[in-house]
There are 2 protein chains.
Amino acid sequence: MNKDHVSNIREVAALAGVSTATVSRALQQPDKVRAETRKKVFDAVEKINFSPNAHARSFRQQSNQTVILLVRDIGNPFYLEIYKGVEEAASDAGYKVLMGDARNDETRVANYIEMVRQKQADGLILMTGHFPEEQAKRLDLLPPIVLASETVPGLDLPTVKVDNKTASKDAVRYLIDAGHRRIAHLAGPLPENLAADRFEGYRQALAEAGIDYNEDLVTSGDYSIEAGRHAVLGMLSKKSAFTAIFASSDQMAIGAISELRSHGLAVPDDVSVIGFDDIIFANAIEPPLTTVRQPRREMGRQAMALMVERLNGQKTNETIELKTELVIRGSVAPCAPGRSQT
Amino acid sequence: MNKDHVSNIREVAALAGVSTATVSRALQQPDKVRAETRKKVFDAVEKINFSPNAHARSFRQQSNQTVILLVRDIGNPFYLEIYKGVEEAASDAGYKVLMGDARNDETRVANYIEMVRQKQADGLILMTGHFPEEQAKRLDLLPPIVLASETVPGLDLPTVKVDNKTASKDAVRYLIDAGHRRIAHLAGPLPENLAADRFEGYRQALAEAGIDYNEDLVTSGDYSIEAGRHAVLGMLSKKSAFTAIFASSDQMAIGAISELRSHGLAVPDDVSVIGFDDIIFANAIEPPLTTVRQPRREMGRQAMALMVERLNGQKTNETIELKTELVIRGSVAPCAPGRSQT
DNA sequence: CTGAAAGCGCTAACAA
DNA sequence: TTGTTAGCGCTTTCAG
């Protein structure tokens, strides 16, 4: 046997003394073949170490049973649990999952869309806040797309998300109830929908409590640790006074805490902090982070479930809204009335 | 135009008044076609919104320009930077990267190998400590495989790694130099090579300092935060005395610190801790973690570089060894001689 | 239950 | 420079 030689279905057929059609059937729908014949085929397969060529298969079926999970930034552990959920549901439905990294870069998103357009994958689960406008116009030419966590203006697609505005409002109200009035917000990349919703929740909570909105206390960032650091540094150097921070990602919260600390400010004694997501590190740091938990595994599972519906030809444009939960840990302390330190 | 209709190369050819071969050429090697012809083709492509069918293409070429990065546990942020490095190099070489999660599960590894065997991907970058024995015997039937970070006994393949034994020895010696004698080790999943090398470094450092090895101070885990917690809990409940911990992953170190803290033990005042990897959180927690930095981005890039060589038919079995660096931060404190607390 | 044969869309010889 | 043509390996009718 030639070293570079790869066996194909014809060799199996020849060896088993049957037709290629029978080999194919024996492999794909074993019950459609007589037991005896099946055995002959399996023996031949075994003997020459045959495994069907996936390219040919995909080509023939015009499907490779693969779905792409495109995330904003693969460096954010937030997505890992999502991936696991997607992968579980996908695996159950006979699909594989490929994870792509948009790196906060619109042209990279466009590249992935193009991949999907060329049918490199059967579907796309999108977790970026972007979608190239040009391609958005011809959605009908694209394979199924499902949105998870994020939404895109003007893109009417099946979606799994949480009620960001309410979650955010509840978190800020918790801070207010603890006596805080000067509450900073580390927002996501405005004006994206996701960031805007959380920002809106923040503003509403303030408004309802009769607290004036102060734009110096809001910084937009890309959800990374670095963005959290940078936001705090900015506020500190502008001497903006605040006693609490509501961050729209745990990573930003963690970056913020780290930066505060390096300026001699303690959490929660000097500044209280609330994050968003409840990534695994949130509960492992000091102080354990009070944060808005998103049901990420479930979000992934549901997104893939919607995808499977789409893949099976159903055309619902359902939006599933999952519950969040404010997880109280140790990063928020009461604020004495009248206190005002940076 | 039918809604479900997908255009193909023949329609483009017809519209442009050329042959399908010319269309293919115009798209793949534009300079092999006269400018005028090219324009006709592009116009036609534009008009019917044609994009070549990737399945057909892969089938014809028996390649889909995709490489799988199979990791032990996608939940560990360690792999994210690796992915980025791989992705960069892959992108330069015209490849895409798919990330798979072995979930510490050998049968899942086997499934991925089977995918690769069926040529779902052109190559596999393996970051698990496992390789199914059966499939290891027929390596010649598999597409190119490159090992990164981890090695597998009996698998002689191109590899990118660090010198784990030395790195580990240096870290432990740093602890010894700080006065520690009762040093615990949170090992990886023994007896895997990676875990064993780091364990061996730990033992050697102890031996050279004349410190007796105490097996109660060694716990094997899967590199996760949970494993770190669990290891500390185990030692504490067995009343094993130790003043320092050398963990073989930052996640385990972070889990350990968290668990220590919940038992009223402070880091580094009561227990010093060193991690391994230098994930992004290592520098964001309190205290900032002293750890062995692995050049992860570079590791990913080099792994993909080796992969490209393989893909291009070169058959080197090179092992590249990258440098680590002990990053001194705040999680190690001197240990007074004679002190002995848990 | 099995075989013959067509053909998925594209690319690469080869010929012109 | 362009066209003709022959498949790549598999699945799936359709006959038998």
Side-chain angles (χ1 to χ4, degrees), chain A residues 2 4-42 44-45 48-65 94 115 117-120 122 141 143, chain B residues 2 4-45 48-65 94 114-115 117-120 122 141 143:
Chain A
N2 184 326
D4 281 352
H5 175 78
V6 179
S7 51
N8 64 26
I9 201 171
R10 259 176 285 114
E11 292 177 36
V12 179
L15 198 59
V18 299
S19 73
T20 60
T22 299
V23 175
S24 178
R25 274 188 290 252
L27 263 23
Q28 306 308 326
Q29 317 152 53
D31 31 321
K32 292 237 182 275
V33 158
R34 190 150 44 100
E36 196 186 330
T37 316
R38 207 186 310 143
K39 184 173 181 335
K40 281 194 294 185
V41 171
F42 285 162
V45 163
I48 65 174
N49 208 294
F50 168 77
S51 93
N53 182 307
H55 292 306
R57 193 142 206 277
S58 303
F59 173 47
R60 180 57 227 245
Q61 322 255 23
Q62 287 300 303
S63 150
N64 55 9
Q65 300 292 108
M115 267 178 73
R117 182 158 169 257
Q118 295 182 5
K119 305 264 186 321
Q120 289 247 10
D122 296 351
L141 295 176
Chain B
N2 185 324
D4 280 352
H5 175 80
V6 178
S7 51
N8 64 27
I9 202 171
R10 259 176 286 114
E11 293 178 34
V12 178
L15 197 61
V18 298
S19 73
T20 59
T22 299
V23 175
S24 177
R25 272 189 293 252
L27 262 24
Q28 306 308 325
Q29 315 152 54
D31 31 323
K32 292 239 182 276
V33 157
R34 191 149 44 99
E36 196 184 330
T37 315
R38 208 186 310 143
K39 183 173 180 335
K40 282 193 293 185
V41 172
F42 287 162
D43 287 349
V45 164
I48 64 174
N49 208 293
F50 168 76
S51 93
N53 182 308
H55 292 306
R57 189 144 208 276
S58 302
F59 173 48
R60 179 58 228 243
Q61 321 253 18
Q62 287 297 305
S63 149
N64 55 8
Q65 298 292 108
E114 184 57 25
M115 266 179 73
R117 183 157 168 257
Q118 294 183 5
K119 305 265 186 319
Q120 288 248 9
D122 296 351
L141 295 177

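Chain A is the first sequence line, chain B the second, and so forth, proteins listed ahead of strands; every chain is numbered from 1. Here the structure is a predicted model, which means the values were calculated and not measured.
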Partners passing side chain to side chain donor-acceptor pair (under 3.5 Å) against B/Gln28 (at least two apart in sequence or in another chain): B/Arg57
When rounded to whole Å, the CD1 to P distance for the pair B/Ile9 and D/dT5 reads 17 Å
Please, which pairs that meet side-chain hydrogen bond (donor to acceptor under 3.5 Å, both in side chains) have at least one residue in residues 7-17 of chain B, sequence neighbours excluded? B/His5-B/Glu11
Strictly under 3.5 Å: I want the nitrogen or oxygen pairs between protein and nucleotides 14-16 of chain D, one per line.
none

B/Lys32 NZ - D/dT2 C1' separation (whole Å): 13 Å
Taking CD from B/Gln61 and P from D/dG9, how many angstroms apart are they, rounded to a whole number? 13 Å
Residue pairs, two or more places apart or on separate chains, that pass salt bridge (Lys or Arg N to Asp or Glu O under 4.0 Å) and touch residues 14-41 of chain B: B/Arg34-B/Glu36, B/Lys39-B/Asp43
Using side chain to side chain donor-acceptor pair (under 3.5 Å) as the criterion, list what pairs up with B/Ser19, not counting sequence neighbours. B/Thr22
Any side-chain N or O of A/Gln28 below 4.0 angstrom from OP1/OP2 of D/dC10? no
Quick one: bend of the helix from C/dC1-D/dG16 to C/dA16-D/dT1 from 5 pairs per end, to 10°? 30°
Between the protein and nucleotides 6-8 of chain D, which nitrogen or oxygen pairs come in under 3.5 angstrom?
unit_1: D/dG7; atom_1: N2; unit_2: B/Arg60; atom_2: NH1; d: 3.0

What nucleic acid atoms does B/Val23 come within less than 4.0 Å of, heavy atoms only: base, sugar-phosphate, or nothing? nothing
Going by the rule side chain to side chain contact (heavy atoms under 4.5 Å, CB included), which residues pair with A/Leu15 if we only count those two or more places apart in sequence or in a different chain? A/Ala44, A/Lys47, A/Ile48
Among residues at least two apart in sequence or on other chains, which ones pass side chain to side chain donor-acceptor pair (under 3.5 Å) with A/Ser63? A/Gln65, A/Asp122
Could you tell me the separation between the NZ atom of B/Lys40 and the C1' atom of D/dT2, rounded to a whole number of Å? 10 Å
Segment of DNA chain C, first to last nucleotide, that comes within the 4.0 Å heavy-atom reach of chain B: C/dG9 to C/dA13
Identify, with sequence neighbours excluded, every residue that meets side chain to side chain donor-acceptor pair (under 3.5 Å) alongside B/Gln62. A/Asn53
